[in-house]
Amino acid sequence: MSAAFDQPIAVVGAALRLPGARNLGEYWDLLTGARDTVTRRTDAVPDPAASSLGVPPDARFVGAYGGIDDPMAFDPARFGMSAAEALQTDPQQRVLLELVDEALHVASVPAAAHARTGVFAGAGLNSYADSVRTALRGAIGVDDFAVELGTARDYLAGKIAYRLNLRGPVVNVLAACSTGLVAVHLASRALLDDEVDVAVAGVSAIRYPLWTGYWAVPAASRRRTACAGRST
């Protein structure tokens, strides 16, 4: 093993928002109490986005989902943003910006360290752009480029670094379900290679419109779909 891997890495600050947990303490309580935080509703209606895919009305819709509390709440002034900028920003990016700020505060990272603080971050699928374009259509000062800047995952890490004045390396991570783990790996390597003094690693995944369930697909249908996609 390389001697570089013998160097310790300290986790000095963390923040999270998960279904049923707003911080690490609450998350630990969920784990130790083996609590189920999946929300189940018998009156849930199919998500409009799913309906638009042409799913037949007799498909089985399951009113069960995991969601964080008040995902749309955001204080734009705290980050030097206008209300219009905040509205154009994907909720995933807003939440992750708040969490990075909180983690740095918990870690008591001094402003002097910001010059060598890197950001390694990623987000889920962008399902917010079309909704915000529709809501803001015709508004003064709003165009496709402004919406692109506010919603595309390409700008996530850079936006966090800019808003929090972090001037180390900025890396957008996109690796499907392993995005968070890859972000942690890249942040750790940056520390071991002395590219940064502090590394922030994070990921955010919030579907919009806010989902209330999912469409159940029978096993037989899944097999037919797989066979149809196979070339011979």
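All figures in this text were calculated on a predicted structure; none of them were measured in a lab. Keep in mind that the numbers below use all heavy atoms, side chains included, and drop hydrogens, waters and symmetry copies.
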remark   = Minimal heavy-atom distance between Pro71 and Pro91, with the atoms involved, is O-CB, 4.3 Å
query = Does Thr179 reach the main-chain N or O of Gly122 with its side chain, forming a donor-acceptor pair under 3.5 Å?
reply = no
task = Measure across Val170 and Ala161 and return the closest heavy-atom pair with its distance rounded to 0.1 Å.
result = CG2-CB, 3.6 Å
query = Is Val119 close to Leu156 at the side-chain level, that is, under 4.5 Å between some pair of heavy atoms?
reply = no
key: Residues which pass salt bridge (Lys or Arg N to Asp or Glu O under 4.0 Å) with Glu148, listed by chain and number, not counting sequence neighbours   = none
query = With side chains defined as the heavy atoms from C-beta onward, is the minimum distance between Arg116 and Asp194 less than 4.5 Å?
reply = yes
query = How would you list, by chain and number, every residue that makes a side-chain hydrogen bond (donor to acceptor under 3.5 Å, both in side chains) with Asp36, sequence neighbours excluded?
reply = Arg40
request  = May I ask you to check whether over 12 heavy atoms, not counting those of Tyr162, lie within 6.0 Å of atom OH?
outcome  = no
key: side chain to side chain contact (heavy atoms under 4.5 Å, CB included) against Leu24, all qualifying residues, sequence neighbours excluded   = Ala14, Leu16
key: Heavy-atom closest pair, residues Val62 and Ala216   = CG2-CB, 4.0 Å
query = Which pairs, with at least one residue in residues 106-132 and sequence neighbours excluded, count as a ring pair (Phe, Tyr, Trp, His ring centres under 6.0 Å)?
reply = Tyr128-Tyr208
message = Between Pro169 and Val196, is there a side-chain heavy-atom distance shorter than 4.5 Å?
response = yes
ask   = For Asp101, what residues pass the side-chain hydrogen bond (donor to acceptor under 3.5 Å, both in side chains) criterion, not counting sequence neighbours?
value = Arg78
ask   = Roughly how far, to the nearest 0.5 Å, is the OG1 atom of Thr151 from the CD atom of Gln92?
value = 10.0 Å
task = Not counting sequence neighbours, which residues clear salt bridge (Lys or Arg N to Asp or Glu O under 4.0 Å) with Asp154? List them please.
result = none
task = Taking the side chain as every heavy atom from C-beta outward, state whether Thr89 and Met81 have any pair of such atoms under 4.5 Å apart.
result = yes
query = What residue pairs, at least two apart or across chains, pass side chain to side chain donor-acceptor pair (under 3.5 Å) with a residue in residues 10-27?
reply = Arg17-Glu98, Arg22-Glu26
ask   = Taking only residues two or more places apart in sequence or in another chain, which ones pass side-chain hydrogen bond (donor to acceptor under 3.5 Å, both in side chains) with Arg153?
value = none
key: Flag side-chain contact, heavy atom, 4.5 Å: Arg189 against Glu195   = no
Student check: side-chain heavy atoms of Asp90 and Asn126 closer than 4.5 Å = yes
query = Listed by chain and number, what are the side-chain hydrogen bond (donor to acceptor under 3.5 Å, both in side chains) partners of Glu102, not counting sequence neighbours?
reply = none
request  = Look only at the side chain of Lys159 and the backbone of Leu149, and say whether a donor-acceptor pair between them is shorter than 3.5 Å.
outcome  = yes
message = Using the side chain to side chain contact (heavy atoms under 4.5 Å, CB included) criterion, which residues pair with Val200? Sequence neighbours excluded.
response = Val100, Leu104, Thr117
query = Can you name the ring pair (Phe, Tyr, Trp, His ring centres under 6.0 Å) partners of Phe74, sequence neighbours left out?
reply = Phe79
request  = Indicate yes or no: at least one non-hydrogen side-chain atom of Leu186 is less than 4.5 angstrom from one of Val173.
outcome  = yes
ask   = Got a sec, which residues hit side chain to side chain contact (heavy atoms under 4.5 Å, CB included) with Ala201, two or more places apart in sequence or on another chain?
value = Ala183, Val184, Ala187
